[in-house]
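Have a look at the structure below before the remarks.
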Amino acid sequence: MSETRRKLTTIFCADVQDYTRLMGADEEGTLASLKRCREAMGRLIESHGGRVVNTWGDGLIADFPSVVEAVRAAVDTQNELAGFNARRPADGRMLFRIGINLGDVIVEGDDIYGDGVNIAARLQTSAAAGGIVISSTVYDQVRNKVAVGFEFLGPLMVKNVDEGVPSYAVKIGDTRDETPPAERSGSARPQPAPVMAAATAETTPAPGGRRLYGVLGVIAGALIGINLLSWQGVFWARFPVLALAVVAALAWNRDQTRFNRKITLLAILALGLAGINLFTWTGQFWAIWPILGIAAVMGLRWSMRR
């Protein structure tokens with residue numbers, strides 16, 4: 001008999017909107033699309049440090065040690081699947097709904113159980129097609145760490161949970177459908193002023209990132225200006241400007257959701273090495289060797305994706 005224990009973890013639940021209708025229209029095509037979407041989702045979950053716990057029918061459960069990485073995996077998943085669905089007819093799109101909760105669960109073997117899982121599943125059924133809904137426990141951890149917006153949905157009623165669970169929709173663009181009907185404890189409660197202010201602030205796309213790029217740009221311009229005004233035949237500003245460019249690229253990579261962050265990090269390092277080599281040119285392109293090593297690591301990571 002498997003050992004039973006408890007742990008605090010982030011639960012990620014997903015299923016397909018209108019799966020029964022899709023199967024009725026085209027069984028083989030729907031199954032092929034589901035397999036492709038699940039492979040993409042599993043790869044993104046793994047790349048963010050998560051683990052697929054179970055799959056059944058059109059559903060999937062995963063858990064993550066990091067709340068932030070769970071939300072980033074969900075955003076990456078919906079962005080990638082949006083590209084997949086853009087090439088399909090409107091009535092044949094495979095749109096997933098994702099719910100994320102941070103809670104205490106019972107672990108038995110490779111499976112997880114308990115109210116923490118039930119809440120994540122309830123959040124998932126409340127999400128719009130192509131959308132993400134998170135609990136307030138998740139929101140409290142990610143609202144200042146992920147470059148997306150949030151919309152307060154009010155408390156959701158969950159079986160075996162006495163009080164409603166405050167929830168938020170993650171705003172990632174135009175991938176969501178109309179807001180689905182959700183059973184809530186009456187009408188949504190007015191949001192407390194501090195929470196409302198935080199949610200409103202989150203709807204603007206990464207203002208901190210824009211400020212950082214502006215500051216780095218001003219510093220780079222000032223260094224170039226000082227170098228030119230005190231010109232003595234050496235363009236010494238190229239090195240600090242290159243360092244500032246690398247910092248800006250790393251900051252962009254931290255918040256971007258379009259590409260795999262680890263592979264993009266390696267690409268940034270390779271470009272930095274190439275820049276150093278060019279700025280210290282002595283007739284030998286020595287950066288080719290570390291760049292080849294980085295390319296090999298990138299290739300291995302790409303080939304081992306599920």
Side-chain angles (χ1 to χ4, degrees), residues 10-48 50-64 70-101 110-113 117-135 138 148 151 153 156-159 167-184 257-258 260 305-306:
T10 309
I11 307 103
F12 172 115
C13 285
D15 78 348
V16 180
Q17 176 83 3
D18 291 336
Y19 181 69
T20 303
R21 176 185 63 79
L22 292 170
M23 286 291 286
D26 180 7
E27 272 192 358
E28 292 185 359
T30 298
L31 287 174
S33 295
L34 177 63
K35 181 178 179 182
R36 179 174 175 179
C37 291
R38 267 200 184 146
E39 287 175 349
M41 191 179 299
R43 166 176 52 79
L44 290 168
I45 288 170
E46 192 175 73
S47 72
H48 286 277
R51 173 184 69 101
V52 175
V53 174
N54 204 350
T55 59
W56 71 97
D58 63 320
L60 177 147
I61 292 181
D63 68 348
F64 291 78
V71 174
R72 285 175 172 167
V75 172
D76 285 356
T77 293
Q78 295 295 30
N79 283 334
E80 182 157 332
L81 295 184
F84 169 73
N85 283 307
R87 300 187 294 272
R88 299 174 62 82
D91 60 352
R93 292 174 180 171
M94 183 159 286
L95 299 170
F96 278 80
R97 304 175 297 182
I98 298 175
I100 304 176
N101 179 46
D110 291 331
D111 289 328
I112 55 177
Y113 307 91
V117 179
N118 295 338
I119 291 171
R122 181 68 183 88
L123 295 170
Q124 163 232 297
T125 60
S126 302
I132 305 164
V133 172
I134 62 175
S135 65
V138 173
V148 294
E151 177 186 351
L153 300 179
L156 295 178
M157 297 309 297
V158 179
K159 185 177 179 181
S167 61
Y168 295 79
V170 178
K171 301 177 72 174
I172 53 176
D174 299 326
T175 58
R176 298 189 302 159
D177 261 351
E178 296 295 324
T179 302
E183 294 176 18
R184 298 191 175 99
T257 59
R258 185 180 297 273
N260 181 289
R305 298 185 314 166
R306 290 202 296 175

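Computation of the quantities below employed the complete heavy-atom set of this structure, encompassing side-chain atoms and omitting hydrogens, waters and symmetry-equivalent molecules.
In terms of heavy-atom proximity, Ile172 sits nearest to Asn79 at O-OD1, 4.3 Å. What you find for Ala121 and Cys13 is that their closest heavy atoms are N-SG, 3.8 Å. Shown here for Arg97 and Ala128, the closest heavy-atom pair between the two residues is CG-O, 3.5 Å. Between Ser167 and Leu156 the shortest heavy-atom distance is OG-CG, 3.6 Å. Between Gly130 and Gln78, the shortest heavy-atom distance links the atoms C-NE2, 3.2 Å.
Put simply, the side chain of Leu60 does not reach to within 4.5 Å of the side chain of Asn54, judged on heavy atoms. Side chains of Ile45 and Phe64 form a contact here, defined as non-hydrogen atoms less than 4.5 Å apart. Looking at Met94 and Thr30, their side chains come closer than 4.5 Å, going by heavy atoms from C-beta outward. Considering only heavy atoms from C-beta on, Gln124 comes within 4.5 Å of Asp15 through its side chain. Using a 4.5 Å heavy-atom threshold, the side chains of Asp110 and Val53 count as separate.
Between atom CZ of residue Arg51 and atom CG of residue Asp63 there is a gap of 4.5 Å, rounded to the nearest 0.5 Å. Between atom CE of residue Met23 and atom CG of residue Leu34 there is a gap of 8.5 Å, rounded to the nearest 0.5 Å. Summarising the geometry, atom CD belonging to Glu46 is positioned 10.0 Å from atom CG belonging to Leu44; distances are rounded to the nearest 0.5 Å.
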Discussion item. Applying side-chain contact (heavy atoms from CB on, under 4.5 Å) to Ile134 and Leu123, what does each step give before you reach the verdict?
Written reply: CA-CA 7 Å; Ile134 62 175; Leu123 295 170; 5.6 Å; no
Worksheet entry | Val170 vs Val133, side-chain contact (heavy atoms from CB on, under 4.5 Å): CA-CA, chis, key distance, verdict | CA-CA 6 Å; Val170 178; Val133 172; over 6 Å; no
Discussion item. Walk me through whether Arg38 and Thr55 qualify under side-chain contact (heavy atoms from CB on, under 4.5 Å).
Written reply: CA-CA 9 Å; Arg38 267 200 184 146; Thr55 59; 3.8 Å; yes
Item to complete: Apply the test side-chain contact (heavy atoms from CB on, under 4.5 Å) to residues Glu80 and Arg43: give CA-CA distance (whole Å), side-chain angles for both, the deciding distance (0.1 Å), then the verdict.
Response: CA-CA 11 Å; Glu80 182 157 332; Arg43 166 176 52 79; 2.3 Å; yes
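The side-chain contact (heavy atoms from CB on, under 4.5 Å) with Val71 is formed by just one residue from the set Thr10, Asp76, Ile100; it is Ile100.
By the side-chain hydrogen bond (donor to acceptor under 3.5 Å, both in side chains) test, Asp58 pairs with no residue at all, sequence neighbours left out. Under the side chain to side chain contact (heavy atoms under 4.5 Å, CB included) criterion, Thr20 pairs with no residue, sequence neighbours left out. Shown here are the side-chain hydrogen bond (donor to acceptor under 3.5 Å, both in side chains) partners of Arg36, two or more places apart in sequence or in another chain: there are none. In this structure Arg88 satisfies the side chain to side chain contact (heavy atoms under 4.5 Å, CB included) test together with Ser33, Phe84, Asn85, Arg93, sequence neighbours excluded. Residues satisfying the side chain to side chain contact (heavy atoms under 4.5 Å, CB included) test with Ala14, not counting sequence neighbours, are Phe12, Met41, Phe96, Ile98. Asp91 is linked by a side chain to side chain contact (heavy atoms under 4.5 Å, CB included) to Arg21, Pro89, counting only residues two or more places apart in sequence or in another chain.
Donor-acceptor pairing under 3.5 Å is recorded for the side chains of Arg122 and Ser126.
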